[in-house]
Amino acid sequence: PINSSATQDEKLTQVEEFFNLGINVHRLEQQTIFLNQTSEGQNPQPEVDPTLLEDIGNIKERREFLQASVEETIEREIENTLKEEGLSFLIGVFPPVDTVFTKSPHVLILSPRDRIERQQDILLNPGLSELEKEAIENQIFFQKPDLSVYIADTGGIAVYPSVVSDIYGLENATDISSHEWIHHWLLFRPLGQSFWNNTDMASLNETVATLAGKELGDKVFTSLTGKEVNQAMPPPSKLLDPDVFDFRAEMQQTRMQAEALLSAGNIEKAEEYMEERRLLFVANQYLIRKLNQAYFAFHGTYAASAASISPIGYQVQELRDRSESLENFLNTVSRFSTYEEFLDHLEQLREL
């Protein structure tokens with residue numbers, strides 16, 4: 001153990017410093033990207049303040065010093081929580097929790113233009129600017145005009161060790177680290193092995209990992225910091241104020257109308273509609289860079305997402321509510337190799 005001699009308070013201080021610095025360095029790096037983008041086609045090119053670059057370098061150096069200790073602290077806390085939840089063996093937690101906190105890759109999503117379908121994913125190196133994303137998307141579209149293309153940022157990737165973004169704070173890091181471990185655990189069970197069989201199984205896997213990862217991650221965060229996480233879902237904003245923009249409702253309306261237009265064969269109308277809606281979201285402070293078939297194909301896989309119209313999110317939540325523990329929930333849902341098996345089991349529970 002790298003930091004076994006440190007006290008719990010010292011470990012927590014290191015963890016909080018690491019993620020606070022991550023938020024700061026991301027903010028500073030965004031300033032340099034903005035300068036480079038606004039200088040396109042302009043002469044002379046504005047120079048980045050050397051002090052800004054020096055600050056970024058100093059923060060990165062400090063974070064590199066802290067990183068191994070922070071990763072070990074969080075990995076051990078996740079393993080301890082898994083043991084408390086009954087998700088371990090006599091030999092310990094398997095697969096072992098192993099996470100790297102760094103910039104998470106981008107993912108390029110391909111979908112047919114005539115329907116919303118997650119056809120192919122391609123991982124891309126992290127750190128692409130918005131202009132670079134647009135250039136790659138346009139190049140593919142010009143070569144394959146029958147495809148819809150979208151490059152998404154990711155919070156984590158379930159390679160091994162898992163890669164988890166380090167720029168969104170500690171609470172997000174514990175949630176995503178737990179989410180990715182759930183994927184690792186499921187890989188040894190029918191549910192995880194059936195991930196790529198069809199869209200429903202991909203969505204079922206991601207929704208289980210999201211729900212269980214959030215529950216586990218919140219417990220890890222509380223164990224580390226002593227702070228409780230409010231797990232209650234906020235009510236729709238329109239219930240509070242009918243004039244407030246309800247992102248979830250508006251996004252689901254967009255998805256359903258786009259689906260209807262595509263089903264009728266009106267591809268160009270669907271794309272024009274989605275762009276109109278994107279501008280509406282931007283006008284209401286939701287800075288969506290691109291809204292197309294590939295966007296919905298990616299985000300719609302997560303059934304708890306506003307971009308999904310799948311009932312899987314509610315169904316997985318129902319199974320969790322009917323389960324006596326997180327262990328019972330995961331052991332139950334992990335044995336299904338088809339969506340139909342999952343639905344049959346849920347129906348049996350309703351009849352009891």
Side-chain angles (χ1 to χ4, degrees), residues 1-30 54-104 126 155-158 160-185 209-232 325-327 330:
I2 297 163
N3 61 350
S4 57
S5 62
T7 67
Q8 189 63 25
D9 286 344
E10 289 170 339
K11 292 177 183 179
L12 175 59
T13 299
Q14 289 181 343
V15 167
E16 291 180 332
E17 180 186 1
F18 178 82
F19 286 103
N20 288 337
L21 289 174
I23 293 170
N24 289 338
V25 78
H26 177 65
R27 175 178 54 81
L28 295 175
E29 286 181 331
Q30 290 298 108
E54 183 179 353
D55 289 344
I56 290 173
N58 290 338
I59 292 175
K60 287 183 174 180
E61 185 176 343
R62 176 61 179 165
R63 295 184 84 240
E64 287 174 7
F65 175 77
L66 295 170
Q67 183 166 356
S69 295
V70 168
E71 289 170 354
E72 195 236 350
T73 296
I74 293 179
E75 288 165 358
R76 296 295 79 78
E77 204 63 51
I78 293 174
E79 289 195 347
N80 290 338
T81 305
L82 288 168
K83 290 174 184 176
E84 292 171 2
E85 294 295 321
L87 292 164
S88 64
F89 303 93
L90 290 176
I91 61 170
V93 171
F94 183 84
V97 180
D98 199 357
T99 297
V100 175
F101 295 120
T102 185
K103 290 182 178 179
S104 186
I157 297 289
Y160 195 85
S162 58
V163 174
V164 174
S165 177
D166 59 357
I167 61 172
Y168 299 116
L170 175 57
E171 184 179 336
N172 179 81
T174 59
D175 286 353
I176 301 301
S177 298
S178 301
H179 175 115
E180 304 306 351
W181 183 85
I182 298 292
H183 278 306
H184 294 162
W185 186 83
T210 297
L211 190 152
K214 175 65 175 168
E215 183 174 343
L216 180 63
D218 286 351
K219 291 179 179 179
V220 172
F221 178 80
T222 299
S223 179
L224 275 169
T225 66
K227 301 173 184 176
E228 293 290 335
V229 179
N230 182 11
Q231 298 189 26
S325 66
L326 182 62
E327 175 193 10
L330 285 173

| message | So does Ser165 get a backbone contact from the side chain of Ser104, meaning a donor-acceptor N/O pair under 3.5 Å? | response | no

| request: Decide yes or no for Val220 and Asp175: does some side-chain heavy atom of the first lie under 4.5 Å from some side-chain heavy atom of the second? | output: no

| task | Kindly give the heavy-atom pair with the smallest separation between Val164 and Ser177, and that separation in Å. | result | CG2-OG, 3.7 Å

| task | Evaluate the side-chain proximity of Arg63 to Asp166: yes if any heavy-atom separation is below 4.5 Å, no if none is. | result | yes

| query | Going from OG1 on Thr73 to CG on Leu12, what distance comes out if it is rounded to the nearest 0.5 angstrom? | reply | 9.0 Å

| message | For a 4.5 angstrom cut-off between non-hydrogen side-chain atoms, does Leu170 reach Ile74? | response | yes

| Under a 4.5 Å cut-off applied to non-hydrogen side-chain atoms, are Val93 and Leu87 in contact? | no

| field | Residues Leu330, Glu85; criterion side-chain contact (heavy atoms from CB on, under 4.5 Å); working and verdict | value | CA-CA 11 Å; Leu330 285 173; Glu85 294 295 321; over 6 Å; no

| Proximity of Phe19 and Tyr168 rings by center, below 6.0 Å | no

| task | Give, for atom CD1 of Ile167 and atom NZ of Lys103, the distance between the pair rounded to the nearest 0.5 Å. | result | 8.0 Å

| remark: Minimal heavy-atom distance between Asp55 and Leu28, with the atoms involved, is CB-CD1, 4.2 Å

| request: For Thr99 and Glu75, test the side chains for any donor-to-acceptor distance below 3.5 angstrom and give the result as yes or no. | output: no

| query | Distance-only, no hydrogens or angles: does the Thr222 side chain make a donor-acceptor pair with backbone N or O of Lys227 under 3.5 Å? | reply | yes

| Do any N or O atoms from the side chain of Ser178 and from the backbone of Thr174 form a donor-acceptor pair under 3.5 angstrom? | yes

| said: I want to check something: taking the side chain as every heavy atom from C-beta on, are Lys214 and Val229 in contact at a cut-off of under 4.5 Å? | reply: yes

| What is the minimum heavy-atom distance between Glu171 and Phe221, and which atoms define it? | CA-CD1, 3.7 Å

| task | May I ask you to decide whether Lys219 forms a salt bridge with Glu84, counting only side-chain N to carboxylate O separations under 4.0 Å? | result | no

| message | With a 4.0 Å cut-off on N to O distance, would you call Glu77 and Lys11 a salt bridge? | response | no

| request: Give the C-alpha distance, both sets of side-chain angles, the deciding distance and a yes or no for side chain to side chain donor-acceptor pair (under 3.5 Å) between Glu10 and Gln14. | output: CA-CA 6 Å; Glu10 289 170 339; Gln14 289 181 343; over 6 Å; no

| What are the two closest non-hydrogen atoms of Gly155 and Ile176, and how far apart are they? | O-CG2, 3.4 Å

| query | Once you round to the nearest 0.5 Å, how far does CG of Leu66 lie from OG1 of Thr13? | reply | 10.5 Å

| query | Shortest non-hydrogen contact from Glu327 to Gly86? | reply | OE2-O, 3.4 Å

| message | Rounded at 0.5 Å granularity, tell me how far CD in Glu180 sits from CG in Asp98. | response | 13.0 Å

| said: Under a 4.0 Å threshold between the charged nitrogen and the carboxylate oxygen, would Glu64 count as salt-bridged to Lys60? | reply: no

| request: To the nearest 0.5 angstrom, please state how far the CD1 atom of Ile59 sits from the CD1 atom of Ile23. | output: 11.5 Å

| message | Donor-acceptor pair, distance only, cut-off 3.5 Å: does the side chain of Glu79 make one with the backbone of Pro96? | response | no

| message | Would you compute the distance between atom CG of Leu216 and atom CH2 of Trp181 and round it to the nearest 0.5 angstrom? | response | 7.5 Å

| query | Is there side-chain contact between Asn58 and Glu54, with heavy atoms separated by less than 4.5 Å? | reply | yes

| query | Are any of the side-chain heavy atoms of Gln67 and Val100 separated by less than 4.5 Å? | reply | yes

| task | Over all heavy atoms of both residues, which pair between Pro95 and His184 is shortest? Give the atoms and the distance, please. | result | CG-CB, 3.7 Å

| task | Report the C-alpha separation of Leu21 and Val25 in whole Å, then their side-chain angles, then the decisive distance to 0.1 Å, and conclude whether the side-chain contact (heavy atoms from CB on, under 4.5 Å) test is met. | result | CA-CA 6 Å; Leu21 289 174; Val25 78; over 6 Å; no

